[in-house]
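Here's the structure, in structure tokens; my notes come after.
Computed from a predicted model, the values in this text were never measured in an experiment.
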Amino acid sequence: MPLALLALAVGAFGIGTTEFVMMGLLPDVADDLHISLPAAGHLVSAYALGVVIGAPLLAAVTARMPRRAVLIGLMALFVAGNALSAFAPDYDWLLAARFLSGLPHGAFFGVGAVVATNMAAPERKARAVSLMFLGLTVANIAGVPVATLMGQSLGWRSTFLGVSVIGVLAVVSLALLVPRDGTHAPSAGLRGELAALKSLPVWLALGTTVAGFGALFAAYSYITPMLTDSAGYADSSVTLLLALFGVGATAGNLLGGRLADRSMRATLFGGLISLAAVLALFPILMRTAWSAPIAVVLLGTAAFVTSSPLLLMVMEKASSAPSLASSANQAAFNLANAGGAWIGGLALAAGFGVTSPALAGALLAVLGLGVAGVAYGVDRRRAPQAGRERLVAGNVPRQSETVRS
């Protein structure tokens with residue numbers, strides 16, 4: 001695999017750290033800025049909003065720019081957003097800085113996925129994508145816990161300064177390791193990129209992402225009360241247990257990359273079935289202290305097995321606009337984050353019990369499986385038609401041949 005994938009993984013590590021660390025720093029930020037905890041929670045929403053808006057917008061605007069330059073520029077914007085967060089004088093400033101930090105998130109993964117697949121051999125494209133996303137999953141093992149402890153010990157501002165340093169390292173790595181050749185974008189331009197998103201298979205693939213990862217976040221958003229109220233763990237143990245989720249996500253990401261190179265569709269279906277089964281078993285696994293960590297690892301593994309095939313499927317269906325399509329997939333991922341948490345919260349509010357968000361997630365995984373099945377059916381119906389069109393095109397004599405005859 002090209003060494004340039006390491007540069008992409010470093011950027012993904014920084015992005016994963018800044019995205020998830022805010023959850024652990026909310027009480028510290030609220031106390032320091034003299035705001036309520038719900039108001040501090042809006043900082044998480046501001047970042048997610050930045051991802052949803054920035055992913056398709058920045059990918060479309062930079063459609064004709066060299067992808068290496070785009071990656072470096074996006075990471076520079078990421079550094080600026082986190083540095084402004086560290087020096088934010090008040091809540092409104094920090095809210096705007098978090099939004100700015102989220103803007104390059106989706107576009108970086110979108111453009112990075114295209115660069116990764118272009119540098120890899122055809123039979124290793126999914127593994128190349130999974131190695132880029134390795135930075136994101138490892139961030140949940142090491143980056144987020146370390147950054148949280150740093151913020152709690154040295155102040156929350158130090159966390160964002162540390163993330164800015166990671167971003168600078170990513171900029172340097174991208175400049176040194178990503179080759180200038182082979183990273184130029186096609187000349188389709190903004191109109192061509194947007195036209196590629198009119199395809200029904202693209203939207204079915206994005207819908208699978210929303211439902212599949214919505215299933216994950218319906219449960220993961222409420223994993224702490226499940227571990228404490230159901231499994232009986234102390235609050236101090238939760239950080240270590242959440243690191244186990246990162247271990248499972250890393251394993252699932254690498255496994256999904258290998259399997260998707262053999263069969264993308266089978267890996268996607270298998271991952272969604274596994275995710276539904278794990279979530280359905282959550283109420284049982286969360287009853288005891290010994291089985292709860294197993295459930296956390298399995299949740300991360302089953303969910304992230306689907307990450308590479310989902311991204312590659314979106315890119316395949318929008319082959320003329322892969323950067324925009326893969327960036328849109330990141331926006332769909334964050335919509336899944338917000339929507340899954342909302343649906344899991346509805347289950348809790350209805351009084352179905354502390355583990356009920358996992359059952360809601362299981363239903364979402366089944367929904368994702370259904371959408372993936374519809375997408376498969378659409379592809380099967382379109383395949384014969386596409387074959388006939390290619391056959392007809394192949395039988396039409398070229399102009400020179402007509403003249404000679």
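- Nearest heavy atom pair, residue Ala113 against residue Leu311, reads CB-CD2, 3.6 Å.
- Atom CZ of Phe87 is separated from atom CG of Leu94 by 13.0 Å, given to the nearest 0.5 angstrom.
- Asn334 contributes no side-chain N or O that, together with a main-chain N or O of Asn337, makes up a donor-acceptor pair within less than 3.5 Å.
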Would you please test Asn140 and Thr250 for side chain to side chain contact (heavy atoms under 4.5 Å, CB included) and show each step?
CA-CA 9 Å; Asn140 284 281; Thr250 300; over 6 Å; no
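- Under the 3.5 Å distance criterion, with hydrogens and angles disregarded, no donor-acceptor pair is assigned to the side chains of Ser130 and Asn253.
- The main-chain N or O of Gly248 is found under 3.5 Å from a side-chain atom of Thr301 such that the two form a donor-acceptor pair.
- Annotation for His42 and Leu95: closest pair O-CD1, 3.7 Å, computed over non-hydrogen atoms.
- Looking at Arg68, its side chain does come within 3.5 Å of a backbone N or O of Val178 through a donor-acceptor pair.
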Test side chain to side chain contact (heavy atoms under 4.5 Å, CB included) applied to Leu103 and Leu57, step by step
CA-CA 9 Å; Leu103 285 176; Leu57 178 63; 5.9 Å; no
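- A pairwise comparison of heavy atoms in Gly246 and Ile141 identifies C-CG1, 3.3 Å as the closest pair.
- Within the 3.5 Å criterion, the main-chain N or O of Leu204 finds a donor-acceptor partner in the side chain of Thr208.
- Proximity of Leu254 to Leu131: side-chain heavy atoms (C-beta onward) are separated by under 4.5 Å at one or more points.
- By the 4.5 Å heavy-atom criterion applied to side chains, Pro293 and Leu241 are counted as neighbours.
- Phe304 has its side chain within reach of Phe245: a pair of non-hydrogen atoms, C-beta onward, lies under 4.5 Å apart.
- The closest donor-acceptor contact from the side chain of Ser101 to the backbone of Phe78 lies at 3.5 Å or more, if one exists at all.
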I'd like to know whether Leu84 forms a side chain to side chain contact (heavy atoms under 4.5 Å, CB included) with Leu100, so could you lay out the CA-CA distance, the side-chain angles of the two residues, the decisive distance to 0.1 Å, and finally the verdict.
CA-CA 9 Å; Leu84 290 172; Leu100 180 64; 3.7 Å; yes
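- Screening residues 8-28 for side-chain hydrogen bond (donor to acceptor under 3.5 Å, both in side chains), with sequence neighbours left out, gives Thr18-Asn82, Thr18-Arg98.
- Looking at Thr306, its side chain never comes within 3.5 Å of a backbone N or O of Leu268 through a donor-acceptor pair.
- A 4.5 Å side-chain heavy-atom check between Val165 and Val168 finds every atom pair outside the cut-off.
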Decide yes or no on side chain to side chain contact (heavy atoms under 4.5 Å, CB included) for Leu134 and Phe13, but give the supporting numbers first.
CA-CA 8 Å; Leu134 187 64; Phe13 179 82; over 6 Å; no
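- Taking the six-membered ring for Trp and thresholds of 30 and 60 degrees, Phe109 and Phe133 have nearly parallel ring planes, at less than 30 degrees apart.
- Atom CG of Leu244 is separated from atom CD1 of Ile294 by 10.5 Å, given to the nearest 0.5 angstrom.
- Looking at residues two or more places apart in sequence or on another chain, you find a side chain to side chain contact (heavy atoms under 4.5 Å, CB included) between Ala234 and Ser236, Ser237.
- Counting heavy atoms from C-beta on, the side chains of Leu227 and Tyr222 never come closer than 4.5 Å.
- Of all heavy-atom pairs between Met226 and Pro357, the closest is CE-CB, 4.1 Å.
- Here the shortest heavy-atom pairing between Met286 and Ala295 reads CE-CB, 4.3 Å.
- Enclosure of atom CZ in Arg258 is not indicated, since only 12 or fewer non-hydrogen atoms of other residues, nucleotides or ligands lie within 6.0 angstrom.
- The main-chain N or O of Met150 is never found under 3.5 Å from a side-chain atom of Ser153 such that the two would form a donor-acceptor pair.
- Using a 4.5 Å heavy-atom cutoff, the side chains of Leu5 and Met119 are in contact.
- Note: Phe160 and Trp156 have perpendicular aromatic rings, judged against thresholds of 30 and 60 degrees for the angle between ring planes.
- Residue-environment remark: OH (Tyr376) stays at or below the threshold of 12 foreign heavy atoms within 6.0 Å.
- Contact of the Tyr91 side chain with the Leu43 side chain is registered, since non-hydrogen atoms from C-beta on lie closer than 4.5 Å.
- Phe217 and Phe333 have their aromatic ring centers within a separation under 6.0 angstrom.
- Counting heavy atoms from C-beta outward, Leu71 and Phe108 have side chains that approach closer than 4.5 Å.
- Contact detail for Ser230 and Thr355: the closest heavy-atom pair is OG-CG2, 4.0 Å.
- A donor-acceptor pair is defined here as one N or O able to donate and one able to accept, closer than 3.5 Å; no such pair exists between the side chain of Arg265 and the backbone of Met313.
- With 3.5 Å as the limit, one finds a donor-acceptor pair spanning the side chains of His105 and Tyr47.
- For residues 321-345, no pair satisfies salt bridge (Lys or Arg N to Asp or Glu O under 4.0 Å), with sequence neighbours left out.
- To the nearest 0.5 Å, atom CG of residue Leu279 and atom CG of residue Leu364 are 9.0 Å apart.
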